[in-house]
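What follows is a single structure, written as structure tokens, with notes after it.
Quick caveat, the model's predicted, so the values are computed rather than measured.
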Amino acid sequence: MTRLVESDIDTVVDEMAKLDADFLRSTGATLAEIAEYAVGANFGEIDFNVKTSVVPITSGLGIIGGFAQTVAGILQHIGVDAFVTEHSDVWGSYEGRLNSKCQFAADDDWFMAANNESNKISENGYATGIGFAAALVLAAKKQGRNLADEAILVAGAGPVGLAAAKFITKKGGKVTLLDIDPTKLENQPYETLTTTEGRKFSLVLEATTSKDVINIHNTSSDVIVSAPGVPLGVDEKLAEGLCTKNTLLFNPLELGTATMMADVLYTKDLL
Ligand code: 2YJ
């Protein structure tokens with residue numbers, strides 16, 4: 001997983017209203033609603049107004065300037081009563097545990113959320129996968145498209161791609177899974193590819209950490225691309241065209257974070 005840098009996230013909080021407006025145009029849903037759909041809740045069903053702490057973590061390469069504040073800002077935007085703890089690491093976790101119901105923290109490899117009352121936890125890779133898959137499915141639906149008729153590519157067979165593939169399959173889509181490493185494709189219940197040569201896809205979930213994986217050669221003219229990967233794995237020419245049509249769903253932290261929150265708050269009543 002790519003470690004975020006300050007320039008990936010420094011405008012995130014200021015642009016939350018624009019993100020919602022863009023999401024509404026492309027998917028018909030706000031950030032909070034996409035997160036709800038990702039975890040199986042109805043729009044408006046989750047009460048996000050929950051005291052939540054974000055703990056800065058100094059281990060590994062250390063604090064990313066503004067990271068914890070950005071996570072708190074994203075959460076506040078969807079209605080969470082979020083704050084950054086005064087202290088970091090174990091002291092910060094202790095402080096957060098005493099003063100909040102949910103907690104968020106990230107080191108260089110893992111970004112997790114926990115609900116201290118229910119003990120439900122969520123990891124960013126999984127949450128990002130289902131969040132971006134939910135956005136892709138909603139965007140296709142908004143255009144009146146039927147998932148069963150689409151050529152759907154999930155690029156990247158890591159935790160994000162595999163969670164997305166499962167979500168799309170559950171919604172009735174037939175997924176083709178791409179990875180350059182054939183060992184990652186072993187025993188996967190999807191059509192698998194190590195290259196897209198000669199193929200075109202109409203719905204794409206781009207979850208690799210490479211550049212230019214998705215381009216005009218492997219996509220149809222009506223393609224919608226949902227891209228949690230950092231850096232963006234869509235080549236510049238295609239990305240430009242998609243942006244003008246509002247069919248590129250890309251953000252570095254927002255949807256993954258919102259989906260983690262929805263995930264730790266929501267438990268489907270199975271009875
Ligand atoms: O607390 C801090 O400021 C740092 N320890 C944050 C570290 C951020 N971690 C990452 O960038 C990881 N690669 C996980 C990010 C997942 C985003 N999809």
| message | Can you tell me if Glu45 has over 12 outside heavy atoms packed within less than 6.0 Å of its CD? | response | yes
| task | Mind checking the CG-OG1 spacing from Leu177 to Thr169? Nearest 0.5 Å is all I need. | result | 9.5 Å
| task | Examine Leu162 and Leu185 and state if one hydrophobic cluster contains both, with Ile, Leu, Val, Met, Phe, Trp and Tyr joined whenever side-chain heavy atoms are less than 4.5 Å apart. | result | yes
| Any Lys/Arg nitrogen of Glu236 or Lys211 sitting under 4.0 Å from an Asp/Glu carboxylate oxygen of the other? | no
| Under 4.5 Å between side-chain heavy atoms, hopping through other hydrophobics if needed: is there a path connecting Leu205 to Ile130? | yes
| Is atom CZ of Phe43 surrounded by more than 12 heavy atoms (other residues, nucleotides or ligands) closer than 6.0 Å? | yes
| field | Minimum side-chain heavy-atom gap Met260-Val264 below 4.5 Å | value | no
| request: Would you check if Val234 and Asn215 make a side-chain contact, meaning some heavy-atom pair closer than 4.5 Å? | output: no
| message | Given Val154, which partner from the list Thr176, Val204, Ile168, Leu178 fulfils the side chain to side chain contact (heavy atoms under 4.5 Å, CB included) test? | response | Ile168
| query | Hey, mind stepping through Ser59 and Asp107 against side chain to side chain donor-acceptor pair (under 3.5 Å) and telling me if it holds? | reply | CA-CA 6 Å; Ser59 71; Asp107 67 11; 4.6 Å; no
| field | Residues Asn42 and Glu36: side-chain donor-acceptor under 3.5 angstrom | value | no
| Sidechain-backbone polar pair: Thr27 side chain, Leu24 backbone, donor-acceptor under 3.5 Å | no
| Side-chain donor/acceptor of Glu95 to backbone N/O of Glu86, under 3.5 Å | yes
| message | Test your reading of the model: is there a side-chain donor-acceptor pair from Asp20 to the backbone of Leu31, 3.5 Å cut-off? | response | yes
| query | Below 4.5 Å, heavy atoms only, C-beta onward: do Ser53 and Arg97 meet side chain to side chain? | reply | no
| query | Which pair of non-hydrogen atoms, one from Ala82 and one from Ala72, has the smallest distance, and what is that distance? | reply | CB-O, 3.8 Å
| query | Any side-chain heavy atom of Thr194 within less than 4.5 Å of one from Asp179? | reply | no
| query | Centre of Tyr266's six-membered ring, under 6.0 Å away, within 45 degrees of the axis: is that where NZ or CZ of Lys120 sits? | reply | no
| request: State, to 0.1 Å, how close Pro228 and Phe132 come at their nearest heavy-atom pair, and which atoms those are. | output: CB-CD1, 3.6 Å
| query | If you count the non-hydrogen atoms of other residues, nucleotides and ligands that lie under 6.0 Å from CD1 in Ile121, is the total more than 12? | reply | no
| Is Met261 close to Cys102 at the side-chain level, that is, under 4.5 Å between some pair of heavy atoms? | yes
| query | What distance separates Asp8 CG from Asn251 CG, expressed to the nearest 0.5 Å? | reply | 11.5 Å
| field | Electrostatic pair Lys18:Asp22 at N-O distance under 4.0 angstrom | value | yes
| task | Give a yes or no answer on whether the side chain of Asn146 reaches the backbone of Asp149 with a donor-acceptor pair at less than 3.5 Å. | result | no
| task | Verify the cluster assignment for Met112 and Leu253: are they in a single hydrophobic cluster under the rule of side-chain heavy atoms below 4.5 Å apart? | result | no
| Centres of the Phe67 and Phe111 rings: under 6.0 Å? | yes
| remark: In terms of heavy-atom contacts, Ile64 and Val5 come closest through CG2-C, 4.2 Å
| Within 6.0 angstrom of Lys200 NZ, more than 12 heavy atoms from elsewhere | yes
| note | Asp47 and Asn49 have their tightest heavy-atom pair at OD1-N, 3.0 Å
| field | 4.5 Å side-chain heavy-atom contact, Thr208 and Glu206 | value | yes
| query | Where the side chain of Asn218 meets the backbone of Val213, is there a donor-acceptor pair that is under 3.5 Å apart? | reply | yes
| field | Single-linkage hydrophobic cluster, 4.5 Å side-chain cutoff, Phe167 and Phe250 together | value | no
| message | Counting neighbours of OH on Tyr190 that are heavy atoms of other residues, nucleotides or ligands and sit closer than 6.0 Å, is the number greater than 12? | response | yes
| query | Does any non-hydrogen side-chain atom of Val230 lie less than 4.5 Å from one of Leu4? | reply | yes
| Under the side chain to side chain contact (heavy atoms under 4.5 Å, CB included) criterion, do Val39 and Ile46 qualify, and how do the steps go? | CA-CA 10 Å; Val39 300; Ile46 297 176; 4.0 Å; yes
| task | May I ask you to check whether over 12 heavy atoms, not counting those of Lys141, lie within 6.0 Å of atom NZ? | result | no
| Gap separating the CG atom of Leu265 from the OG atom of Ser118, nearest 0.5 angstrom | 8.0 Å
| said: Tell me whether the count of non-hydrogen atoms from other residues, nucleotides or ligands lying under 6.0 Å of NZ in Lys245 goes above 12. | reply: yes
| task | Give the cluster check for Phe104 versus Ile9: same hydrophobic cluster or not, with ILVMFWY residues linked at side-chain heavy-atom distances below 4.5 Å. | result | yes
| said: Check whether Asp81 reaches the backbone of Thr52 with its side chain - one donor and one acceptor, N or O, closer than 3.5 Å. | reply: no
| Ser202-Asp222 side chain donor-acceptor pair, cut-off 3.5 Å | no
| task | Look up atom OG1 in Thr196 and atom NE2 in His217, then write down how far apart they are to the nearest 0.5 Å. | result | 9.5 Å
| Gly131 versus Leu255, closest heavy-atom pair with distance | O-CD2, 3.4 Å
| Do the side chains of Leu203 and Val223 get nearer than 4.5 Å, heavy atoms only? | no
| Residue pair Ala134 / Tyr37: nearest heavy atoms and the distance that separates them | CB-CD2, 3.7 Å
| Between atom OG1 of Thr247 and atom CD1 of Ile224, what is the distance when rounded to the nearest 0.5 Å? | 6.5 Å
| Atom CD1 of Ile180: over 12 foreign heavy atoms under 6.0 Å | no
| Approximate separation, where rounding is to 0.5 Å, of Glu150 CD and Leu136 CG | 9.0 Å
| field | Trace of the side chain to side chain contact (heavy atoms under 4.5 Å, CB included) decision for Val54 with Leu75 | value | CA-CA 10 Å; Val54 185; Leu75 294 173; 4.2 Å; yes
